[in-house]
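Heads up, the thing below is written out as structure tokens.
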Amino acid sequence: MKFSRSVPALLLALGCSGVFAQAYPSRPVTLVVPFAAGGPTDVVARSLGQAMTKSLGQSVVIENKLGAGGTLAANAVAKAAPDGYTVLIHHNGMATAPSLYRKLPFNPLTDFEYVSQVVDVPMTLLGKKDLPPNNLAELIVYVRANADKLNLAHAGLGAVSHLCGMVFRQAVGVELQTVPYQGTAPALNALLGGQVDLLCDQTTQTIPHIKAGTVKLYGVTTSSRIAALPQVATLDEQGLKGFQVVVWHGIYVPKGTPAPVIEKLQGAVRAALKDPGFMQRMTDLGAEIVPDAKLTSDGLRSWLQAEVDRYGPMIRKAGAYAD
Ligand code: MLT
């Protein structure tokens with residue numbers, strides 16, 4: 001895919017947006033995923049894209065654009081033609097980026113139009129299968145005693161696996177060596193292969209491995225237990241009071257995308273979230289479909305603003321800058 005100004009963009013610039021929007025979409029729409037194929041964001045994007053295809057009448061093609069904790073993908077979409085054919089799905093990383101990356105080449109709060117939120121996804125704290133501790137209490141003792149020997153995988157600064165790992169390290173009061181990957185699909189493979197010891201990752205990827213018993217599970221990161229793993233205690237209830245990391249997802253298009261195009265995309269997202277196949281897949285993977293109030297431009301824009309404000313002080317306090 002080329003992130004360049006195309007003929008439709010020229011039509012928009014010439015004031016033909018109404019006519020263009022009526023015909024939209026007349027070709028496949030690209031949904032840009034900022035992390036590796038097969039990982040949690042990719043899983044949500046592919047299921048969503050498949051469901052959106054039904055009401056858009058055009059394919060939704062996934063493009064995985066990796067690197068810099070999701071900021072390369074977000075920057076590319078910010079600079080793409082505002083014609084509705086280049087769409088971004090991103091998570092909390094959109095809100096942490098302005099604090100983590102002090103030289104960010106785009107502004108999440110001004111360079112986009114805001115389509116909708118999609119699903120919220122819990123995370124799970126995992127160890128490699130033969131890690132000795134069998135529960136969170138044992139894990140805390142173990143990491144404090146072996147901090148210099150253990151490592152923690154994540155998907156780069158700006159990834160939720162990094163954020164969750166940072167919250168865990170702060171809660172336990174240890175520094176661990178961290179190992180970055182371009183998504184938690186390769187990070188989880190490294191955990192399964194025993195090359196890394198710990199990983200905090202989303203249920204949309206981890207549930208099949210938890211059920212297969214190929215990883216050690218120490219808890220979920222939500223404030224209460226989740227329906228997909230009812231027997232699994234939260235980190236909070238096991239003693240890490242206030243530990244809560246939930247992954248939210250937003251759909252964005254470049255600034256200047258015409259309102260009728262945004263409305264078509266919103267309609268397709270709404271229809272997808274009510275699609276029985278999509279709903280079942282998300283339920284099986286622990287994801288929760290967001291309420292209607294979050295399916296609006298204003299809903300996403302104000303949520304993003306609140307999250308930027310929430311994470312800023314945390315990141316500045318930790319001094320966890322990417323540059
Ligand atoms: C992924 O899809 O790889 C993840 O969302 C990365 C992360 O943020 O941890």
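Start at 1 and go down the list; that is how both ligands and their atoms are numbered. None of these values were measured; they are calculated from a predicted model.
Of all non-hydrogen atoms in V61 and P28, the two that sit nearest each other are CG2-CB, 3.9 Å. Residues A228 and G286 come closest through the heavy atom pair CB-CA, 3.7 Å.
Ranked by closest heavy atom to atom 8 (O) of ligand 1, the top entry among Q202, H91, H162 is H91.
The protein atom (non-hydrogen) at minimum distance from atom 3 (O) of ligand 1 is T184 N, 2.7 Å. Of the protein's non-hydrogen atoms, A155 CB, 3.6 Å is the one closest to atom 6 (C) of ligand 1.
In this view, N64 and V33, A37, D42, R46, I62, L66 satisfy the side-chain contact (heavy atoms from CB on, under 4.5 Å) rule, not counting sequence neighbours.
With respect to K255 and D111, no salt bridge is recorded, no charged nitrogen being found less than 4.0 Å from a carboxylate O.
For residues 103-193, every residue pair satisfying the disulfide bond (SG atoms under 2.5 Å apart) rule, not counting sequence neighbours, is listed here: C164-C200.
Neither the backbone nor the side chain of H154 comes within 4.0 Å of ligand 1, counting heavy atoms alone. Contacts between A159 and ligand 1, counted as non-hydrogen atom pairs separated by less than 4.0 Å, involve both the backbone and the side chain.
The shortest N or O to N or O distance between T41 and ligand 1 is below 3.5 Å.
Distances from ligand 1 to the non-hydrogen atoms of P40 include at least one value under 4.0 Å.
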